[in-house]
Amino acid sequence: MNDINTTTMGMADFSERGLIHQTTDELEPWLREKSRTMYIGFDPTADSMHIGHLMQVMTLRRFQQAGHRPIALIGGATGMIGDPSGKSQERNLLTVEQLSANTAALKGQMESFLDFEESGGDAILANNLDWMQSFTFLEFLRDIGKNFPINVMLGKDSVKSRLDGESGLSFTEFSYMLLQAYDFVHLHQAYGCELQVGGSDQWGNITAGIDLGRRMHGLALKGMTCPLLTRSDGTKMGKTESGAIWLDPKRTSPYKFYQYWVNIADDDAGKCLRFLTELEMAEIQALDESRQAEPHLRSSQKCLAEQVTRNVHGAAGLATALQATAIFFGSEIHDLDDTQLLDIFADVPSVSASRDRLGSSEFTMIDALVESGLCTSRSDARRAIEQGGGYVNNRRIDSLGYVLTASDLASETVIVLRRGKKKYALIQFANA
RNA sequence: GGUGGGUUUUCCGAGCGGUCAAAGGAGUCAGACUGUAAAUCUGAUGGCAUUGCCUUCGAAGGUUCGAAUCCUUCACCCACCA
């Protein structure tokens with residue numbers, strides 16, 4: 001990054017988007033000066049990031065695009081301990097195997113957001129296990145622990161809230177901040193990293209690192225936190241009845257992922273556009289106006305969903321999501337092949353049936369609805385059909401005795417059943 | 001230990017010998033409307049069968065042509081008295 005563009009390197013866009021919650025210094029001029037190195041840590045608590053991580057990754061990406069050098073730190077070591085910040089209870093420890101699998105998975109996901117060295121960029125992927133592993137307990141106590149006054153540690157919110165609460169805090173979790181603090185110092189030594197960024201709940205850990213840098217080496221490290229992405233109704237962003245929204249398409253299909261954003265409440269859409277997309281502010285403001293003036297178009301949500309899905313799942317993933325959306329809310333399904341269909345309906349339960357049942361009067365719409373699990377009994381299925389709630393390939397069936405035949409196949413072997421507005425099931429007909 | 005009240009379909013809650021698969025409300029499910037929202041409106045809501053049959057009203061027996069409704073015993077819950 002030699003062609004430093006000082007107009008983009010600063011914080012203007014960050015503050016305009018509301019991405020800054022707290023900073024230790026006036027970062028704007030400092031960032032304009034030259035290309036800087038900063039990091040955000042991610043603990044490998046699962047084998048995929050979820051949308052709670054998205055904001056942090058996007059932040060790193062913004063820095064990189066502004067001409068800085070981001071470090072994504074995977075917490076192979078800190079993940080073994082468990083960050084007490086924002087947690088009301090002591091957590092169970094993950095096994096070493098889980099952690100290393102998770103670490104590998106996160107690495108892969110990071111690559112679609114940042115340009116790492118392998119792909120010609122300058123972003124760095126680090127794992128704190130690499131330097132923490134060789135530390136002995138005594139060394140750590142002498143070199144690091146000595147720099148942490150207990151009274152300061154006790155004053156941190158993350159510790160205080162746990163001590164005030166019922167659940168207490170183990171020495172292990174209490175020590176978490178020492179590890180994170182040392183990471184910062186180490187990254188400075190190794191890569192010249194001067195800024196740590198994190199969610200607003202990370203403030204205590206970040207300042208712990210800054211203090212440690214000053215005590216050990218007289219450094220003036222910097223910190224910045226971003227607001228937490230929360231929903232206007234108070235619930236946590238990314239939580240649904242069926243669990244978290246993951247970035248891994250095997251955990252959350254691109255369709256579901258896309259749908260999550262399409263369904264974001266009007267009140268949250270503006271914030272999400274600012275935090276999670278790279279649209280220009282002018283564009284976002286135009287969307288804000290549209291949302292006010294013509295909310296029914298829901299252009300903000302559609303745009304948000306499109307942007308985020310493309311970022312996470314790529315153009316192909318977005319295409320699948322859009323195709324699935326068209327089908328889930330659209331007209332008849334036909335002339336698809338099995339692969340397409342099963343991809344689109346990845347989240348939909350499916351059952352298999354023997355192919356020779358097709359066309360048999362023993363296999364009616366009622367039978368199909370019951371066997372697919374969409375209806376709990378034949379009476380239930382009968383009722384659903386009578387009320388106009390039974391569909392084959394999105395075509396309403398209104399005859400109770402409708403017999404499914406080979407011409408009802410939407411692809412080579414699959415029939416798509418639907419009950420009501422959006423409950424789908426697949427029946428796959430194998431050549432038995 | 002004594003007396004009184006209760007136990008109903010997913011939940012709440014009517015029913016107190018036939019017209020009860022059982023009012024009403026909630027929930028749920030369809031349909032309409034709509035912004036893939038909220039609200040609203042309409043219909044459905046034990047099972048099987050294209051209107052008839054079967055199994056349900058704490059449990060088991062009994063009285064009746066016929067019981068969720070009456071009697072007996074048992075179980076659990078509530079209230080009052082001791």
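Sequence lines set the chain letters: A, B, ... in the order given, protein chains first and strands last, and positions in each chain run from 1. Nothing here was measured: the structure is a model prediction, and the numbers come from that model.
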Fill in: Of the listed nucleotides U36(B), G35(B), G31(B), the one nearest the side chain of R396(A)
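The closest nucleotide is G31(B).
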Worksheet item: Among the nucleotides G31(B), A44(B), G35(B), which one has an atom lying closest to any side-chain atom of Y391(A)?
Response: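 Looking only at heavy atoms from C-beta outward on Y391(A), the closest nucleotide is G31(B).
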Donor-acceptor contacts under 3.5 Å from residues 105-117 of chain A side chains, at least two apart:
| residue | atom | partner | partner atom | Å |
| --- | --- | --- | --- | --- |
| Q109(A) | OE1 | M49(A) | N | 2.7 |
| Q109(A) | NE2 | S48(A) | OG | 3.0 |
| S112(A) | OG | Q109(A) | O | 2.9 |

Worksheet entry | Stems where RNA chain B pairs, listed by first number, each of three or more Watson-Crick or G-U pairs under 3.5 Å |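 Detected stem regions: B:1-7 with B:75-81, B:10-12 with B:24-26, B:27-32 with B:40-45, B:46-48 with B:52-54, B:58-62 with B:70-74.
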Worksheet item: Atom CD of Q387(A) to atom C1' of U45(B): distance rounded to whole Å?
Response: 9 Å
Item to complete: Give the rounded distance in Å between these two atoms: CD of Q301(A) and C1' of G35(B).
Response: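 Spelled out: CD on Q301(A) to C1' on G35(B) is 9 Å.
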Discussion item. Is U55(B) syn or anti, taking syn as a glycosidic angle within 90° of 0?
Written reply: anti
Worksheet entry | Residues touching RNA chain B, which here means a heavy atom under 4.0 Å, drawn from residues 365-381 of chain A |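 Output list: S377(A), R378(A), S379(A).
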Discussion item. Using OP1 and OP2 only, check whether a side-chain N or O of K421(A) sits under 4.0 Å from C29(B).
Written reply: no
Worksheet item: What about Q259(A): does its side chain form a donor-acceptor pair under 3.5 Å with the base of U36(B)?
Response: yes
Item to complete: State whether the side chain of S253(A) and the backbone N or O of P249(A) hold a donor-acceptor pair below 3.5 Å, judged by distance alone.
Response: no
Practice prompt. Indicate yes or no for a side-chain donor-acceptor contact from N127(A) to the backbone of G76(A) under 3.5 Å, with no hydrogens or angles considered.
Written response: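 At least one qualifying donor-acceptor pair exists.
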